[in-house]
Amino acid sequence: MLLPLPNAWAQTAPPPATLQPVTVTAGSLGDEDLPPPYAGGQVAEGARLGLMGNQSVMDTPFNVTSYTAELIQNQQARTLADVMANDPSIRFTTSSGHAYENFRIRGFDVNQNDVAINGMYGLAPMGRTPLEFVERVEVLKGPNALFSGMAPSGAVGGSVNLVPKRAGDTPAATYGVNWQADGQLGATIDAGRRFGAGNAWGARVNGSFSDGATTLDGQSRKREFFSAGLDYRGSALTASIDAYHSQESFSGGTPAMFWFGGSVVPEAPDPRTNLFSTGYGNIQSNAVIGRAEYRFNDHVSAFAGVGWRASHQSGLINGTHARQIDAEGNFTGVIVGQRAYTDARSAEAGLRTRFETGGVGHELVLQASRLDLEDGSSIGARSTFRSNIYDPVTPVMPAMPGSAPKTAENTLSSLALVDTMSFLDDKLRVTAGLRNQRVKTTNFDSAGKTTTRYDKDAVTPAAAIVVKPWGPDVSLYANYVQGLSKGDSVTDTTASNYGQVFAPYKTEQKELGVKWNAGAFVNTLAVFQIDKPMLVAQGSASNPTYADGGEKRVRGVEWNTFGELAPGLRVLGGVTYSQGKQVKTAFGRYDGNTPVGAPRWQANTGLEWDTPWVPGLTLSGRVQATSSQYADAANKLRLPGWGQLDLGARYAMQVNGRDVVLRLNVNNVFDKHYYAGSFSDTTPIATLGPARTVTASASITF
């Protein structure tokens with residue numbers, strides 16, 4: 001695919017005008033200030049570290065990558081999954097093109113509802129997260145409950161934060177048209193300007209619309225998105241309000257996941273094959289988000305944020321599983337019409353102080369956060385059919401239920417205190433803190449009667465250190481952090497402790513790393529271990545006792561790099577090696593086995609080259625590769641390793657004084673058919689990689 005920025009042709013034809021973020025360089029960065037892009041423009045020099053706000057990569061004691069809007073634009077990335085394809089530590093737990101995009105980071109699940117906007121959970125669009133309004137996609141690897149609070153689904157493998165676009169100092173508007181095989185057409189607009197005294201006020205709008213056929217045979221997908229952002233930047237106050245509408249609907253089928261019923265993994269089918277060809281669905285999200293930060297002086301500032309999101313889903317959006325697949329590819333399918341909604345209200349407030357004591361600098365942050373979620377769902381009639389993954393039948397799509405009654409209320413509230421201390425002229429930085437997290441859940445039946453309640457809390461600590469013994473270009477770091485996920489309830493009626501509710505699970509990470517800024521490219525080498533508790537059965541199989549003493553462990557080594565290897569030659573990607581282990585399992589049955597979805601090797605490496613013989617022409621290529629992995633805890637179902645080549649080109653020119661860019665990308669050039677990963681830790685379900693996809697676009701900036 002395509003990767004961006006400083007081009008060799010820039011001296012003969014100016015690069016396309018883009019709406020750049022506003023960067024404040026005086027003093028510490030605030031919530032609304034963005035670290036500038038690093039050399040090459042694909043990745044930024046820093047990212048948001050939860051309540052700590054924006055931090056430099058070299059000052060951050062974690063492996064963090066902040067992908068820029070230029071990368072999103074040049075790769076023609078439509079959804080979050082397109083950007084995540086650049087990261088060697090991330091793989092997907094849903095098949096390509098599915099209504100939802102869920103991930104694994106460092107071998108642990110991060111669901112699409114765990115994505116944050118400006119550090120606040122519960123506000124990102126449901127389903128396939130659109131990117132038209134996004135300036136940065138920030139990926140922080142490893143559990144981080146202290147800095148970001150508990151994500152709705154736990155997300156102990158890492159966190160993903162979206163930063164909305166802001167108007168630049170120069171008024172600009174970019175219009176674009178795009179095409180994707182096999183007939184998806186679309187149009188986009190991105191416009192912004194600043195106004196008022198000193199350009200204090202800014203407005204930015206983004207819109208897109210697309211419709212047409214997709215690579216899945218017979219499927220049509222329609223997508224509409226609109227966002228508006230208004231911001232104010234003063235000498236003391238910065239504030240913003242963002243609103244968006246996102247809707248995506250499909251008809252004529254949806255991608256499947258593959259549930260193996262025996263001890264044989266059949267050959268992966270063509271991803272164009274439509275197993276649920278009568279399926280249809282719709283996901284809609286609307287949100288409003290406000291933020292503000294006020295600097296009382298150089299030492300004290302306060303920040304706050306509040307947001308609301310309403311989302312509605314209907315159709316065949318979950319459970320698209322080809323079940324009990326045998327060696328010949330025969331399976332049983334079940335289609336269920338569904339209707340659901342989620343209303344979210346998110347808020348945070350905090351105080352940040354900077355002071356010195358005895359020559360030691362302190363940045364002390366106190367933050368309170370709260371997320372309220374209300375969920376409703378209803379399941380209609382079931383339609384069961386027999387089919388084959390290579391030669392599917394046409395199933396019957398049942399009718400939708402008429403309404404979705406409330407099924408659950410969840411409240412995640414927390415209070416955190418973090419202090420970052422700097423010593424020896426900032427050559428040594430130590431971060432330590434605590435967060436008290438409370439989780440409250442109430443579940444309801446279809447008549448509105450309360451069925452279960454959950455109310456538990458836990459304290460998660462974290463400690464991290466950054467040392468720069470040879471100057472600012474080399475950072476040695478270490479961290480101990482905990483992630484938090486909701487504790488399980490014992491639902492096995494044969495259990496001796498049926499009904500017991502466990503406290504939230506604390507996932508622990510220990511990490512050591514080194515970062516090297518070579519001037520034009522950055523390398524990060526990290527060694528980590530993550531241990532996650534799990535609910536397991538013990539004692540007698542006929543009358544088991546459940547405990548939270550189970551454990552999944554992943555140890556690994558990561559190498560990440562980004563920047564310019566030479567003028568006009570950019571690199572982005574890396575390699576991950578990991579060793580997963582099921583340490584404690586039910587009745588000790590699988591102790592020592594490799595966990596589901598934990599391949600030893602993962603690599604994503606992309607290069608982009610500005611050709612010297614044709615000014616304005618840039619060529620790019622990317623390789624994605626994954627070694628074999630298991631789809632079941634017993635380690636009997638092995639998914640073969642896979643590799644994929646992506647290629648791209650873009651050409652920038654001026655037409656009548658306007659900047660015009662033409663882009664072409666081909667993903668999965670050789671049209672490989674493969675199982676990309678696994679869907680579940682407990683059920684042998686595999687996901688499918690994408691079909692060969694060709695995308696093209698043209699944009700003009702005024």
Side-chain angles (χ1 to χ4, degrees), residues 50-51 106-111 113-114 121-122 142-159 367-373 375 407-418 432-444 450-463 479-510 529-539 544-554 582-587 595 681-682:
L51 58 82
R106 287 186 170 177
F108 293 89
D109 289 344
V110 177
N111 292 334
N113 60 333
D114 293 329
Y121 291 117
N144 51 85
L146 173 64
F147 302 107
S148 302
M150 176 179 162
S153 297
V156 298
S159 65
Q367 181 228 31
S369 66
R370 181 183 176 102
L371 172 62
D372 292 291
L373 298 167
D375 297 299
T407 55
E409 292 179 345
N410 295 276
T411 298
L412 306 178
S413 56
S414 66
L415 182 66
L417 181 65
V418 181
L434 296 170
R435 181 182 292 270
N436 178 262
Q437 180 82 54
R438 186 178 183 185
V439 184
K440 294 178 63 178
T441 299
T442 305
N443 295 313
F444 306 92
T450 299
T451 55
T452 59
R453 293 182 185 273
Y454 181 99
D455 190 349
K456 299 286 184 179
D457 67 277
V459 175
T460 53
N479 66 64
Y480 170 82
V481 294
Q482 291 187 350
L484 205 61
S485 53
K486 182 181 175 182
D488 287 318
S489 301
V490 179
T491 58
D492 184 352
T493 56
T494 67
S496 62
N497 57 339
Y498 169 69
Q500 181 178 350
V501 179
F502 290 91
Y505 295 147
K506 295 181 179 181
T507 298
E508 296 183 330
Q509 173 179 277
K510 307 175 188 71
Q529 175 176 310
I530 302 178
D531 300 278
K532 180 183 179 181
M534 302 178 71
L535 189 69
V536 293
Q538 302 172 338
T545 299
Y546 285 81
D548 56 1
E551 183 180 316
K552 173 183 175 180
R553 175 192 299 162
V554 175
Q582 300 177 65
V583 180
K584 300 174 184 177
T585 61
F587 309 113
D681 281 343
T682 58

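This structure is a prediction, so every number in the text was calculated from the model and none was measured. Only this structure's heavy atoms are used, side chains among them; waters, hydrogens and symmetry mates stay out.
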What's the spacing between D114 CG and D109 CG if we round to 0.5 Å?
9.5 Å

Side-chain contact, heavy-atom cut-off 4.5 Å: V418 with L146?
yes

Please step through side chain to side chain contact (heavy atoms under 4.5 Å, CB included) for the pair D488 and D548, ending with a clear verdict.
CA-CA 8 Å; D488 287 318; D548 56 1; over 6 Å; no

Return yes if some donor-acceptor pair links the side-chain N/O of N497 with the main-chain N/O of Y546 below 3.5 Å, else return no.
yes

In terms of heavy-atom contacts, P143 and V481 come closest through O-CG2, 3.0 Å

Note: L51 and A416 closest approach over all heavy atoms is CD2-CB, 3.7 Å

For residues D531 and K510, determine if any side-chain heavy atom of one lies less than 4.5 Å from a side-chain heavy atom of the other.
yes

Do Y121 and L373 have side chains that get closer than 4.5 Å, going by heavy atoms?
no

Note: V439 and K486 closest approach over all heavy atoms is CG1-CG, 4.5 Å

Please check this pair: side chain of K506 against backbone of V459, looking for a donor-acceptor N/O pair closer than 3.5 Å.
yes

If you compare all heavy atoms of L535 against all heavy atoms of F502, which two are closest, and at what distance to 0.1 Å?
CD1-CE1, 3.4 Å

Would you say the side chain of F108 lies within less than 4.5 Å of the side chain of P595, judging by non-hydrogen atoms?
no

Only residue of S413, P504, S414 satisfying side-chain contact (heavy atoms from CB on, under 4.5 Å) with Q437 is S414

How far does CD of Q529 sit from CD of Q509, to the nearest 0.5 angstrom?
10.0 Å

Mark yes or no for whether T407, through its side chain, and D375, through its backbone, hold a donor-acceptor pair below 3.5 Å.
yes

All heavy atoms of R106 vs all of G157, minimum pair found to be CB-O, 4.3 Å

For the residue pair N443 / Y454, report whether a side-chain donor-acceptor contact shorter than 3.5 Å exists.
no

Among D372, D455, T441, T442, whose side chain to side chain donor-acceptor pair (under 3.5 Å) with T411 holds?
D372

If every non-hydrogen atom of G122 is compared with every non-hydrogen atom of L371, which pair is closest and at what distance?
CA-CD1, 4.1 Å

Given side chains that start at C-beta, do those of S489 and T452 come closer than 4.5 Å, heavy atoms only?
no

Using modelled atom types and a 3.5 Å cut-off, is there a donor and acceptor pairing between side-chain atoms of N144 and backbone atoms of G142?
yes

Any side-chain heavy atom of R435 within less than 4.5 Å of one from L484?
no

Kindly indicate whether the side chain of T450, heavy atoms from C-beta on, has any atom under 4.5 Å from the side chain of F444.
yes

Find out whether K584 and M534 are in side-chain contact, i.e. whether some heavy atom of one side chain is under 4.5 Å from a heavy atom of the other.
no

To the nearest 0.5 angstrom, please state how far the CD1 atom of I530 sits from the CD atom of E551.
12.0 Å

